[in-house]
Amino acid sequence: MMSRDDALNLDREDGLAGLRDAFRLREGLIYLDGNSLGPMQHSVARRVEQCLHTEWGEDLIASWNKAGWYPMPQTVGAKIAPLIGAGAQDVAVTDSTSVNLFKVLAAALQMRPGRRVIVSERSNFPTDLYIAEGIAAFADKGHELRLIDSTQELDAAIGEDVAVVMLTHVNYRTGEAHDMAAVTKAAHDAGAVMIWDLAHSAGAMPVDLQAADADFAIGCGYKYLNGGPGAPAFIYVAPRLHNEVSQPLSGWFGHKAPFAMEPSFEAAKTIHRFLTGTPPVLSLVALDAALDIWNSVSLGAVREKSVRLCELFIELVEERCEGLGLTLASPRDASRRGSQVCFAHADAYPVMQALIARDVIGDFRAPDILRFGFAPLYVRFVDIYDAVEHLRDVLQSGEWEQERFKVKSAVT
Ligand SMILES: *Cc1c(COP(=O)(O)O)cnc(C)c1O
């Protein structure tokens with residue numbers, strides 16, 4: 001059996017351990033929710049402060065040029081590019097993931113005018129499905145959403161009538177990961193366009209959009225990229241499509257010369273055509289600073305630690321919480337899993353609230369999932385050890401049955 005000292009030893013041998021000091025995480029907190037909101041780095045606070053005081057506070061409008069605000073959607077996109085296997089010119093940071101999905105889905109449907117089906121998964125993150133529903137209704141051309149219930153149904157679902165396959169690489173609830181290259185190939189073989197949502201993979205594991213030949217991708221800035229609450233999202237368009245596609249939110253930032261102030265729209269022939277309006281500079285500055293940590297990190301090392309953290313968690317939970325009503329809801333095989341582990345429990349909501357009261361922060365996902373995210377930049381092996389001890393105590397003692405843990409908040 002592993003002891004707490006063994007876990008501390010794993011941390012001592014961990015080449016990524018020093019990165020944790022970059023983050024503001026108070027003593028005693030076990031933060032296993034970076035897949036929902038990444039923590040703040042000290043450098044981010046300093047950078048935003050500088051933006052507030054000097055760039056906005058003193059230099060005002062001059063900062064669009066002087067402080068490099070104007071090109072930021074692209075310069076920050078270039079920092080995300082190596083994390084997702086994209087070229088520096090092929091990623092922009094703008095809007096929210098939901099809005100970016102709307103743009104790329106519209107572009108993809110226009111590429112396949114004779115086809116009417118969008119394939120996705122019923123277990124996809126709801127906003128992705130809602131956006132697809134909305135765009136199908138708005139296009140008003142009889143588009144339909146074909147939802148599969150398991151990966152095994154994917155091949156049969158991708159037929160000659162499919163315009164777009166739209167999937168999230170790593171499932172938000174179970175952590176199950178798709179084989180990006182194989183699915184993209186299947187979509188292309190059937191003549192469909194492939195869109196990947198990287199919300200739970202960017203910064204969590206290596207992603208190679210170019211090797212997979214993906215057409216479009218989108219993803220979040222506030223999860224594993226630690227850009228802060230509501231951080232702007234990213235959008236990737238394969239370079240072979242920059243001149244070929246258009247998107248309907250044709251705001252002035254997507255114009256080939258925004259400050260020419262022309263009365264009619266003429267799209268930029270670059271990734272800029274996927275921008276819409278003025279970016280949220282304060283949020284972009286935060287994300288920009290948050291991304292610098294990746295300069296000193298290899299994604300291979302991140303993935304290796306992620307797999308070890310996840311495996312240790314599964315092993316300890318199954319060993320120490322046996323008979324306490326938990327069932328693994330994530331793939332057991334690491335190659336089919338992102339950087340999170342979920343267990344189903346009939347009383348998952350109050351159990352998670354009781355853990356949170358003990359400073360073990362994971363989250364609950366309806367209807368019965370306890371979700372734990374393991375961001376390798378700051379999660380320690382000893383955090384895994386301690387989290388499992390708390391989980392066992394909460395379940396064994398019945399602590400979670402207290403009424404206060406059953407009260408539901410708006411955000412779970
Ligand atoms: C978190 C998440 C989103 C969030 O979209 P927002 O527009 O930022 O609210 C979208 N898709 C997936 C798969 C997610 O996990």
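We're numbering straight along the sequence, starting at 1. All heavy atoms count here, side chains included; hydrogens, waters and symmetry mates do not. A quick note: this is a predicted structure, and the numbers were derived from the prediction, not measured. We count ligands from 1, going down the list as the structure has it; atoms in each ligand are counted the same way.
Each of the atoms 1 (C), 2 (C), 3 (C), 14 (C), 15 (O) of ligand 1 lies under 4.0 Å from some heavy atom of Lys223. Atoms of ligand 1 lying under 4.0 Å from at least one heavy atom of His200, given by number and element, are 15 (O). For ligand 1, the atoms lying closer than 4.0 Å to a non-hydrogen atom of Tyr222 are 1 (C), 4 (C), 5 (O), 6 (P), 8 (O), 9 (O). Contact atoms of ligand 1 toward Ser96: 7 (O) (distance under 4.0 Å to a heavy atom of the residue). Near Thr168, with a cut-off below 4.0 Å to any heavy atom, the atoms of ligand 1 are 13 (C).
Cation-pi check for Lys103 over Phe234 is not met; the charged atom does not lie both under 6.0 angstrom from the ring centroid and within 45 degrees of its normal.
Looking at Thr97 against ligand 1, both its backbone and its side chain come within 4.0 Å, counting heavy atoms. Contact annotation for Ala199 and ligand 1: only side-chain heavy atoms (C-beta onward) come within less than 4.0 Å of the ligand.
Atom CD1 of Ile61 has 12 or fewer heavy atoms from other residues, nucleotides or ligands within 6.0 Å.
Screening Met180, Arg240, Lys185 for a side chain to side chain contact (heavy atoms under 4.5 Å, CB included) involving Asp213 leaves a single residue, Arg240.
In summary, Lys79 and Asp292 engage in a salt bridge, as defined by a charged side-chain N under 4.0 Å from a carboxylate O. Using a 4.0 Å cut-off between a side-chain N of Lys or Arg and a carboxylate O of Asp or Glu, Asp393 and Arg320 do not qualify as a salt bridge. Electrostatic pairing of Arg308 and Asp14 does not count as a salt bridge here, judged by no charged N lying under 4.0 Å from a carboxylate O. The pair Glu176-Arg337 does not meet the salt-bridge criterion, since no charged nitrogen lies less than 4.0 angstrom from a carboxylate oxygen.
Within the structure, ligand 1 has Cys220 among the residues with a heavy atom less than 4.0 angstrom away.
Considering only non-hydrogen protein atoms, atom 7 (O) of ligand 1 sits nearest to Ser98 OG, 2.6 Å.
Below 3.5 Å of separation, one finds an N or O of Asp128 facing an N or O of ligand 1.
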